There are 2 protein chains.
Amino acid sequence: MEFNEKQIDILLAAERLFATKGFDGTSVRDIAQEANVNVAMINYYFGSKDKLLDTFFEWRVPDFMINVDELSLVGSALDKVDVMVDRYVKSMNSHRKLYRVIAIESTLKQRMLISEAFKKLKIHNLEVIASIINSGIAEGVFKTGNDPILIHSMMMGTFMNFQMNQVFLQEQLGIADDDGYGQYIETTLTEFIQKTIKALLTYEK
Amino acid sequence: MEFNEKQIDILLAAERLFATKGFDGTSVRDIAQEANVNVAMINYYFGSKDKLLDTFFEWRVPDFMINVDELSLVGSALDKVDVMVDRYVKSMNSHRKLYRVIAIESTLKQRMLISEAFKKLKIHNLEVIASIINSGIAEGVFKTGNDPILIHSMMMGTFMNFQMNQVFLQEQLGIADDDGYGQYIETTLTEFIQKTIKALLTYEK
DNA sequence: AGCAAAGTTAAACAAACGTTTAATTTAAAC
DNA sequence: GTTTAAATTAAACGTTTGTTTAACTTTGCT
């Protein structure tokens with residue numbers, strides 16, 4: 001599916017507004033104004049407000065994918081954890097708005113048209129984590145009995161918590177601006193998640 | 001602040017709807033129907049839809065508080081972690097709807113009237129975690145250099161991730177119904193978070 | 001140049017929104 | 001029993017909502 005310049009303007013405007021005000025809190029006139037287009041253009045190009053959301057998710061699916069296939073290249077299982085977490089956080093952090101929209105709307109809209117595509121990607125990501133755990137067990141470094149689903153939930157949840165509570169956390173951490181917050185996520189938070197997963201996978205009992 | 005039976009009906013109906021459809025996705029007529037009252041009663045008792053949300057949060061503040069004061073009674077720092085996590089998860093799990101509403105609306109509404117109260121409680125909870133870490137360091141069991149904010153974010157984020165992605169996770173974990181999901185959270189997920197924090201705090205380097 | 005399709009616009013549409021009104025019923029006080 | 005306040009109702013209020021219309025402009029093709 002390809003979009004012209006004006007359609008992309010609308011999609012980007014919608015993303016900005018959905019991420020800050022939510023889908024239901026955003027009117028098509030808001031989107032039209034933000035994108036500098038006539039209100040009717042949205043229905044002309046996308047059919048309806050609901051279909052715009054569907055199309056938006058469809059459009060962003062590639063950005064939701066996290067490329068961890070080269071993980072097999074790096075050496076030890078401990079290093080694999082570091083690389084995986086780094087890729088995850090960098091990818092999510094560079095698409096903060098998308099992840100905010102997904103987080104908010106996927107909980108509200110019980111049946112998203114596009115959720116199947118996201119599901120597949122999630123399942124693939126779970127398999128990557130499982131393979132890292134198994135390679136670590138084979139190396140004799142990781143303990144057995146750790147569920148990839150729980151580790152994935154911990155990683156995603158910790159990151160998303162930083163997205164959803166930015167105002168509170170930014171103040172608590174004494175960070176001045178949004179850029180500084182993004183930097184904190186890519187350094188300190190990344191290291192924390194890496195350390196947590198490695199600690200968990202090597203923990204006795 | 002005290003409420004009569006009809007006001008509580010409205011607050012409970014609002015909670016149910018806000019948790020599933022969000023504030024903007026819920027109309028006052030929806031709430032009135034869910035609570036079996038006339039539409040005008042909502043404005044009569046609460047002034048406006050916005051003030052209803054404020055009042056709802058105010059009403060639920062006590063349920064947002066997590067009682068961890070008796071933590072000092074239990075023995076080792078490792079046990080304190082177990083007790084704290086257990087209290088946290090049990091409290092959050094018994095007020096799932098409230099936590100969903102907070103999670104969704106606190107990100108959208110940039111300035112909630114009640115957010116100061118929640119902030120205070122969060123800060124208090126952070127102090128409890130800090131004291132547990134310090135007692136563990138004094139015992140010689142925990143390593144230094146762990147930020148309570150990050151541990152708190154991990155715990156909350158992991159739990160919230162289970163709230164926000166219930167459909168996906170319930171299917172992946174092969175859990176039949178909502179009760180089973182709640183049970184999983186109170187057993188397996190609780191143990192996972194406990195283990196993760198203890199692993200992290202005792203992790204070398 | 002002429003024509004058909006695509007793009008663009010302001011205006012209008014009905015429906016839903018939050019809120020208010022005015023009339024009526026219920027409850028409490030004297 | 002009468003009076004006064006609180007509770008409750010159906011109806012209407014003016015806006016805003018998502019969407020459509022119909023007229024107009026631009027574009028691309030022969």
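Each chain gets a letter, A, B and so on, in the order the sequences are listed, and its residues count up from 1. Everything numeric here is computed off the predicted structure, so don't read it as measured data.
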Expressed in angstrom and rounded to an integer, what is the separation of [X] atom [atom1] from [N] atom [atom2]?
X	N	atom1	atom2	result
A:Lys6	C:dT9	NZ	C1'	10 Å
A:Asn43	D:dT17	CG	P	14 Å
B:Ile10	D:dA7	CD1	C1'	12 Å
B:Asp54	C:dG18	CG	P	15 Å
A:Arg29	D:dT15	CZ	P	14 Å
A:Leu17	D:dT17	CG	P	12 Å
A:Met41	C:dA10	CE	C1'	14 Å
B:Gln7	D:dA6	CD	P	13 Å

Using a cut-off of strictly less than 4.0 Å, decide whether [X] has a side-chain nitrogen or oxygen near OP1 or OP2 of [N].
X	N	result
B:Asn38	D:dA10	yes
A:Ser48	D:dG18	no
B:Tyr44	D:dT8	no

Nearest of D:dT19, C:dG7, D:dT20 to any side-chain atom of A:Val28?
-> D:dT19

From the list C:dT21, C:dG18, D:dT17, which nucleotide is the closest neighbour of the side chain of B:Ser27?
-> C:dG18

Just by distance, do the side chain of A:Asp30 and the backbone of A:Ser27 share a donor-acceptor pair under 3.5 Å?
-> yes

Give a yes or no answer on whether the side chain of B:Gln7 reaches the backbone of B:Asn4 with a donor-acceptor pair at less than 3.5 Å.
-> yes

With a non-hydrogen cut-off below 4.0 angstrom, is A:Tyr45 in contact with a base, only sugar-phosphate, or nothing?
-> sugar-phosphate

Report the C-alpha distance between B:Asp178 and B:Arg96 in whole Å, list the side-chain angles of each, state the deciding distance to 0.1 Å, and finish with yes or no for salt bridge (Lys or Arg N to Asp or Glu O under 4.0 Å).
-> CA-CA 12 Å; B:Asp178 194 70; B:Arg96 295 193 219 189; 3.7 Å; yes

If you take all heavy atoms of B:Leu108 and A:Lys21, which pair is closest and at what distance?
-> CD2-C, 3.6 Å

Could you tell me whether A:Lys195 sits above the aromatic face of B:Tyr203, with NZ or CZ closer than 6.0 angstrom to the six-membered ring centre and within 45 degrees of the axis?
-> no

